[in-house]
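None of these values were measured; they are calculated from a predicted model. Just so it is clear: chains get the letters A, B, ... in the order the sequence lines come, proteins before strands, and each one is counted from 1.
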Amino acid sequence: MGPHSGRVNTVVEERETAAGSIPAAAGAPAIAIDDVRKSFGSYSALAGCSLHVERGQFISLLGPSGCGKTTLLRIIGGFETQDAGTVAINGETVDALPPNKRNVNTVFQSYALFPHKSVFDNIAFPLAIARVPKRERAERVREMLELVRLSGVEERKATQLSGGQSQRVALARALVGRPEVLLLDEPLAALDLKLRKTMQLELRRIQEQLGTTFVFVTHDQEEALTMSDRIVLMNGGRIVQGGSPREVYDQPANVFVSDFVGEANLLDGVVDGHVGALATVTTEAGVLHVAPGATTPAAGPAIVSIRPERIALQRPGQAAGEAENGLPGTVERIVFLGNLVRAHVRVAEEVVLTAELSRAEADGIAEGERVLACFGAAATRVLPPDGAPA
Amino acid sequence: MSVTEARPGATAARGGRRGQGPGGRRRLGAGGRRALALGLQVGPATAFVAFFLLAPLVVFFLYSLWRVRDYEIVAEWNLDAYKQALTDDSYRRLLWNTIKIAGGASLLSAGLAFAFAHTLRFKLRRWQEPLLFAVVIAMFSGYLVRVYAWRTLLGDSGIVNSALRGLGITSEPLSFLLFNRGAAIVVLANFLIPLAVLPVYAALQNVRDAEIEAARDLGCGSWGTFWRVTAPLAWPGIFFSWALAFLAAAGDYVVPQLVGGANGTMVGVVITDTFQTDYNFPRGAALAFTTLLVSLTIIGIVRFVGGKVLR
């Protein structure tokens with residue numbers, strides 16, 4: 001596994017450097033991570049990660065649990081020491097610095113408010129440590145409470161707050177010291193869905209208002225898509241892909257990304273020819289015409305990924321559309337989702353495609369009906385099979 | 001039961017609405033059953049404490065206000081015993097000595113217990129269970145056996161002195177090792193440390209790693225984190241373990257007798273003598289209550305001041 005992990009990272013880093021359109025004069029990146037490795041006993045949590053984060057960006061580290069994203073965050077914060085590699089914050093190498101000497105603050109997953117202190121004293125805590133004069137402390141705490149839109153709870157004990165309030169206090173406390181970078185470790189995980197959605201937008205507003213660099217760890221792809229300037233996908237201790245939400249959704253680098261970000265129909269096949277500019281892939285469900293991209297193997301086994309919302313269903317009698325591909329199949333099941341309808345169409349003995357349709361599109365399509373599952377060549381993404389280097 | 005009796009109407013109504021199950025229980029409503037369960041849970045313990053602890057205390061408090069005449073206690077109300085306990089020089093010196101010894105022993109044991117529990121919680125996590133088990137075993141090992149063990153260790157012909165003499169470092173046994181205030185403090189602390197470890201350990205379990213990391217993250221060094229987060233969060237446990245040790249030490253009458261010597265005597269010894277030799281129950285009781293009151297006052301002050309300082 002070792003040798004090609006390096007190659008993956010190089011690719012990612014190049015892409016990131018190219019994407020960062022901030023002129024070089026702006027100085028060092030907010031965070032520069034260079035080939036960081038970390039093992040716990042025999043378990044390799046980080047197998048060589050390199051990443052540059054530009055100043056003022058909202059970046060999400062996204063991946064399944066155990067992918068190393070929290071470990072990477074804790075190494076940036078100074079709570080873990082890497083086995084190899086370096087971390088620089090604003091161009092200054094921080095590898096030897098304890099957390100209290102780094103100009104970085106963390107919002108912990110459990111909030112970690114001090115239960116013996118009032119809300120005011122919690123937020124003023126870093127200021128008290130830094131010996132900021134009392135009057136200024138009060139002023140800055142008030143500012144922060146305004147920023148996180150929470151007032152009138154200053155005198156309450158930290159233990160008397162609701163989850164959402166605790167979240168805002170933890171955020172205010174981490175920001176009051178004006179850190180260069182704010183690290184957030186799945187801070188919304190404990191909130192209910194509605195509150196989580198509100199806080200996602202709040203976090204983004206606060207980040208834009210302050211211009212602070214945010215590094216946000218999450219396993220929730222929707223959360224990452226909602227908030228981030230950039231998403232960095234991690235899997236198995238490696239950085240798999242980095243890019244804007246649109247890039248990682250539309251141009252996944254491999255099957256993992258395609259499957260983890262959003263939903264995808266994945267069809268095994270073999271790239272075996274060309275028709276004009278299009279490549280052909282033979283799958284169990286028939287021959288597909290696909291638009292080749294950077295990730296398309298020249299020939300041999302491949303996996304075709306199609307997003308459910310890119311598939312349209314046509315009844316056999318209807319006039320053929322412009323889509324290059326039309327797979328005949330049977331509607332097995334229709335799932336009503338309120339704003340959308342999801343249809344499962346069996347197009348081969350072992351292949352069921354999921355199509356996401358609007359209410360109007362789904363009108364009149366019933367379970368058991370014969371349909372044509374249509375999608376354009378540009379709607380597909382051909383990926384190297386699992387396990388092959390990207 | 002009292003709930004049922006006090007609000008029969010309400011209970012019956014609630015019972016009816018809930019629709020009681022099989023017939024036999026019908027007469028006792030939901031509220032009644034809850035009251036009964038509560039009574040069964042706390043009743044026996046309350047009765048036990050009332051009968052074996054509160055009742056004797058009340059009796060002795062009454063004794064302390066009475067008088068002895070011809071070795072008989074007579075119910076003549078007076079405050080002589082208290083006056084004597086508070087004004088008599090020898091009693092005052094005794095009380096002061098008791099506070100010094102109990103204070104020294106409790107500080108020593110609470111301090112060592114905290115250091116031990118802190119190490120266990122933060123540095124030796126892997127060994128928490130076996131080491132705690134060892135502490136519990138130490139707690140249940142014989143009290144007198146341990147006091148005598150110290151005499152064997154520190155006495156004129158004890159291990160320390162024999163070793164020193166054997167090595168030619170001393171020719172005479174070091175007599176200051178035993179029979180003085182310092183010896184009483186050390187031996188009492190030895191007995192109290194296991195007792196003090198458990199509450200402080202429990203309190204340190206409530207200090208979460210995340211809070212410590214948050215303090216570090218927000219600018220605290222190790223000392224700052226300790227004083228601003230760990231110690232305040234563990235304070236209830238620290239206080240409790242110290243207070244437990246202080247009360248246990250202040251009431252001890254065995255250690256001062258066996259290793260305390262002349263300046264290591266304590267009020268407990270005198271109280272026992274007053275009861276057992278002089279049969280002067282009023283004076284003994286008054287001395288005991290005075291000691292208790294002084295001890296509780298000291299504990300109250302420590303609680304208040306500690307709570308203010310560690311915030």
Side-chain angles (χ1 to χ4, degrees), chain A residues 41 70 73-80 94 97-118 120-132 144 157-159 166 169-179 181-187 190, chain B residues 110 114 117-119 121-129 199-243 300 302-311:
Chain A
T70 295
L73 195 79
R74 288 174 61 79
I75 286 173
I76 302 172
F79 301 112
E80 305 278 357
V94 295
L97 298 182
N100 51 322
K101 297 272 164 64
R102 300 186 182 200
N103 197 4
V104 166
N105 284 139
T106 307
V107 177
F108 294 87
Q109 185 170 9
S110 60
Y111 315 139
L113 298 179
F114 303 124
H116 59 298
K117 288 180 185 293
S118 67
F120 181 92
D121 286 340
N122 260 284
I123 300 175
F125 187 85
L127 304 177
I129 303 296
R131 304 218 152 88
V132 172
M144 276 302 131
K157 281 263 179 186
T159 45
S166 302
V169 172
L171 194 61
R173 185 181 68 173
L175 284 170
V176 76
R178 295 171 186 155
V181 176
L182 187 74
L183 308 175
L184 303 103
D185 184 8
E186 305 215 23
Chain B
F114 182 81
H118 192 267
T119 312
R121 164 73 180 82
F122 293 107
K123 299 276 151 58
L124 292 177
R125 282 174 208 223
R126 213 174 263 246
W127 298 96
Q128 284 188 54
E129 282 195 21
V200 103
Y201 176 78
L204 282 172
Q205 288 297 313
N206 288 336
V207 184
R208 294 178 304 160
D209 289 337
E211 283 147 10
I212 297 203
E213 284 185 348
R216 298 290 313 224
D217 187 63
L218 296 167
C220 281
S222 335
W223 266 117
T225 305
F226 179 82
W227 283 115
R228 288 171 188 271
V229 176
T230 314
L233 284 176
W235 166 244
I238 299 171
F239 164 76
F240 186 69
S241 91
W242 170 81
V302 169
R303 161 110 222 179
F304 179 78
V305 172
K308 286 268 171 239
V309 172
L310 293 174
R311 291 209 307 159

Heavy-atom cut-off 4.5 Å, strictly under: side chain, backbone, both or neither for [X] against chain B?
X	result
A:Leu113	backbone
A:Val104	backbone
A:Arg173	both

message: Within the 4.5 Å heavy-atom criterion, are A:Phe125 and B:Val229 side-chain neighbours or not?
response: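 With C-beta onward as the side chain, the pair touches.
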
query: Can you find a heavy atom in the side chain of A:Pro115 that is under 4.5 Å from one in the side chain of B:Glu211?
result: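 The answer is yes, as the side chains (C-beta and beyond) meet within the 4.5 Å cut-off.
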
query: Short question: side chain of B:Asp217, backbone of A:Thr106 - any donor-acceptor pair under 3.5 Å?
result: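 Such a contact is found between B:Asp217 side chain and A:Thr106 backbone.
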
task: With rounding to the nearest 0.5 Å, note down the distance linking CZ in A:Phe114 to CD1 in B:Ile212.
output: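 One finds 9.5 Å between CZ of A:Phe114 and CD1 of B:Ile212.
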
message: If I take atom CD1 from residue A:Ile129 and atom CZ from residue B:Arg228, how far apart are they, to the nearest 0.5 angstrom?
response: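 The distance works out to 3.5 Å.
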
Closest non-hydrogen atom pair, A:Ala112 against B:Ala214: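 Scanning both residues, the minimum pair turns out to be O-CB, 3.8 Å.
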
message: Please give me the minimum heavy-atom distance between A:Phe108 and B:Glu213, naming the atom from each residue.
response: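 Here A:Phe108 and B:Glu213 meet closest at CE2-OE1, 3.7 Å.
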
message: For B:Arg125, is the CZ atom crowded, meaning more than 12 foreign heavy atoms sit under 6.0 Å from it?
response: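 More than 12 within 6.0 Å, yes.
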
message: For B:Phe226, I'd like to know if atom CZ has over 12 heavy atoms of other residues, nucleotides or ligands within 6.0 Å.
response: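 Enclosed.
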
field: Residue, of A:Pro179, A:Gly177, A:Pro126, that accumulates the most heavy atom pairs under 4.5 Å with chain B
entry: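 Among the listed options, the one with the most contacts to chain B is A:Pro126.
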
task: Sort out for me which of A:Leu183, A:Leu127, A:Asn105, A:Val107 touches chain B most, counting heavy-atom pairs under 4.5 Å.
output: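 Of the candidates given, the most pairs with chain B belong to A:Asn105.
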
Chain A interface, residue from B:Ala210, B:Cys220, B:Gly221 that has the most non-hydrogen pairs under 4.5 Å: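 Heavy-atom pairs under 4.5 Å are most numerous for B:Cys220.
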
- prompt: Checking heavy atoms, do the side chain of B:Arg208, its backbone, both or neither come under 4.5 Å from chain A?
  reply: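 Side chain only.
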
